[in-house]
Amino acid sequence: MRSPAYDGLRALLNRPDWGAARVFCAGNTAFHLSLLVAVSLATRILYLISPAGRSLSPDEAVFGLMALKIMALEEFPIYCWQAHYAGAPVSYAAALLFKVFGIGALSLRAPMLPLALATVVLCYFVYRRLAGPAFGFAAALFVVFCPYDMLFHSSGAFGGYAELLCGTAAIIGLTRWMRERKEVDLALGWFFLLGAISGFSLYVIFLVFPAIAAFAIPAVLRADARRIPAAATFAFGAILGALPMLVYNATTGGSTVLRAAGRSLSVGRQAASEPLSSVVATVVLQKIDYLAEWFRHAPGLFGSYITPESVSVDLRMAAGYLLMGILCAFVGWALWKRRSTSDTGRTHRDFAIFVLWTVGFIWLANLTKMRHLIPLYLALPVALHALSGSHPLRRRFAIACLVGICAVNASSWVDQLKVPTAKTPFDPAHVVAAMESRGVVEFYGAYWAVYPLMFSAEGRMIGAPLLLNAGDTFTDRRPEYTARVKRATDPAYVFTAREAPLRVEFETFLQDNDIAAETLATPNATIFHNLSRPVIADLVDGKTVFTL
C-alpha cells in the first residue's frame, strides 16, 4: 500500500510546471548555452586561480619548458620530450600566451579553457537532441561538475586530456549532425572535416581511438552509395590531421608505435633475443593477469566518477559496482535492441559500442588510471537516459540523479581547491628565489620537483631528476640536462619533505667524507650547495647513490 507521502511526491514530479524544470523544458537554447558557458568558465577560472590550480605537476612543467623553447625559436617539438606520445599543441599555444601575458602557470593552462567550453557546448547539443532540453541541460551540467581528478587533468597542460574530451565530443557531435542530414545534401567536405578532427585528436592522444571506431568510421560506412568517395575523403582528412604523428614516426624510426607496442605488450628490448613462442606466452599470461587485476580495481576507478575523494573505500567500491552495473545493463540493453531503426535507438547503440571500445582499448593498452576512463564519463548520461525509458517519472529521476552527482562533485572541490594536491605538491617560487640568490645554476632533485623548479626559473636553471625515493620510477624528460648536472663542478641538492630519508643519507655521506656544505631552508625544501668537494648522484639498480 502506497503512503500519502509517496503519492504526493509522485504528483509533484508529474506536474507540468515541475519547479524550475518549466524554464529548462521551454527549449531556450540561448539561455541554456549562456548559463552553461558562464558556469563552466567560472568554475575553471576558479580552479586556475586557486592554490591547487597555481601549482604545476611535473608533466605540465615539461610542456611549459617546451613552450619556452618554442617561444625562443630554439626547438619545435611534436611530442612531449622523451615520451613519444602526448602531443605538443598546448606548448605552441602557451608559447604565444607567454609572449602576450607573460610566463606562468595560468598562461600555460589557459589554452584548456576554450576546449572545456567547446566540450560542454558540444555535449549539450548531443544530449539535447537525444532527450530534450531539460535532460540536455542537466547532462551538460554533469560534464561541467565532473570529479576532481577529471577537473585536474582536463584543466591542466598535460598534452591530452582536455583535448581528449573535446575531440571525443566533436566526433560524436559531428557524426550525429551528419546522420540527421540526407545523404544527397551531405557534402564530402564534412567527411574531410570528420577525418581531420579524428586524425589530429589521435595525434594528440591515442585515447580518442574508441570514439573514432564507434562513431567516425561507422559514419563513413553509412554513406552507402557514396561510401568509396566518403572513405577516401575521410582518409585524406585523417592523414592531414595526423601528419605531425606520421612525420615524427617517419623521422624517429617509429618511436610512437614502438612505445605503444611496448606499453601494450609489456615487453622490453630483451624480447628481441627470446624465442617467439616464449614472448607470445609471456604476453598472453600478462594480459590475463592484467585483466584480473583490472577487474579487482575497476569498482574503485568507476566509483571515483560519482563519489568525492573523502568517502570511505567501501562506499566508493559500492558506488563503482553500481555504476558498472548501470553501464553493463545499458550495453546489454542497447545491443539487444540493435534492430531499432529510430534515431534514439541508433544513438544508444553507438554509445554502447563506444563503451565496449573504451574498455577494450584500455585493456589492450595496459592502462589502469581513472584518467584513462575519462571518455566514459560522456557516456553516463546516455546510459541513464536509455535505462530510464520513456516514462516521465523515471526520466525526471534520471535528471535528478545527474544534478545530485553534480552537487556531490562540486562539494568535493571545495576542500581540494584550498591546498596543492599530491600531484601539484608545492609552489617552487621560494626555492627558486633562494637558489638564485646564491647563484645556483645546476641542481639535483626528484622528478616531481625538478621540472616545476626549472619552469619557475624560466629555464635559467638546469636540474637532474636523480633523487629517487625507494620504489619510485626513474623518469628523465631531458637526458642532456641530467648529463650537464653530473658534469657540473658545484651542483646543488634540493630535498623536499618527500625526500627526507634520502636527505638523511646525503647528510651522512657528507659527514663520512668530511665534506662541508652550506644549507638553505625554505618553506618547501632544504637546499645543499657550495659543497667543498663535488658530489655526484647516480642510480644503481633503481636506487639513488652518492659518489665523489
Just to verify, what does L36 make a side-chain contact (heavy atoms from CB on, under 4.5 Å) with, not counting sequence neighbours? V120, Y124, F137, A140, L141

Only counting residues at least two apart or in another chain, list the ones meeting side chain to side chain donor-acceptor pair (under 3.5 Å) with Y127. none

With R394 via salt bridge (charged side-chain N to carboxylate O under 4.0 Å, His left out) - residues at least two apart: none

So, using ring pair (Phe, Tyr, Trp, His ring centres under 6.0 Å) as the criterion, who are the partners of F351 when residues are at least two apart? F215

F145/W413 aromatic ring centres below 6.0 Å: yes

Any residue meeting ring pair (Phe, Tyr, Trp, His ring centres under 6.0 Å) with F63, in chain and number order, not counting sequence neighbours: none

Counterpart residues, ring pair (Phe, Tyr, Trp, His ring centres under 6.0 Å), relative to F142 (two or more places apart): Y377

Side-chain donor-acceptor pair present, Y447, D59, cut-off under 3.5 Å: yes

With sequence neighbours left out, the residues meeting side chain to side chain donor-acceptor pair (under 3.5 Å) with D472 are none

Considering residues at least two apart in sequence or located in another chain, which fulfil the side-chain contact (heavy atoms from CB on, under 4.5 Å) criterion with T233? L188, F191, F192

Residues that S388 engages under side chain to side chain donor-acceptor pair (under 3.5 Å), provided they are two or more places apart: R395

For a quick check under 3.5 Å, do R477 and Y451 share a side-chain donor-acceptor pair by atom type? no

Testing the 3.5 Å rule here: is there a donor-acceptor pair between the side chains of R129 and T347? no

The side chain to side chain donor-acceptor pair (under 3.5 Å) partners of S411 (sequence neighbours excluded) come to none

Looking at F236, I want to see if its CZ is surrounded by more than 12 non-hydrogen atoms of other residues, nucleotides or ligands under 6.0 Å. no

If the condition is ring pair (Phe, Tyr, Trp, His ring centres under 6.0 Å), which residues does W357 pass it with, not counting sequence neighbours? F209

Sequence neighbours excluded, which residues qualify as salt bridge (charged side-chain N to carboxylate O under 4.0 Å, His left out) partners of R176? E180, D343

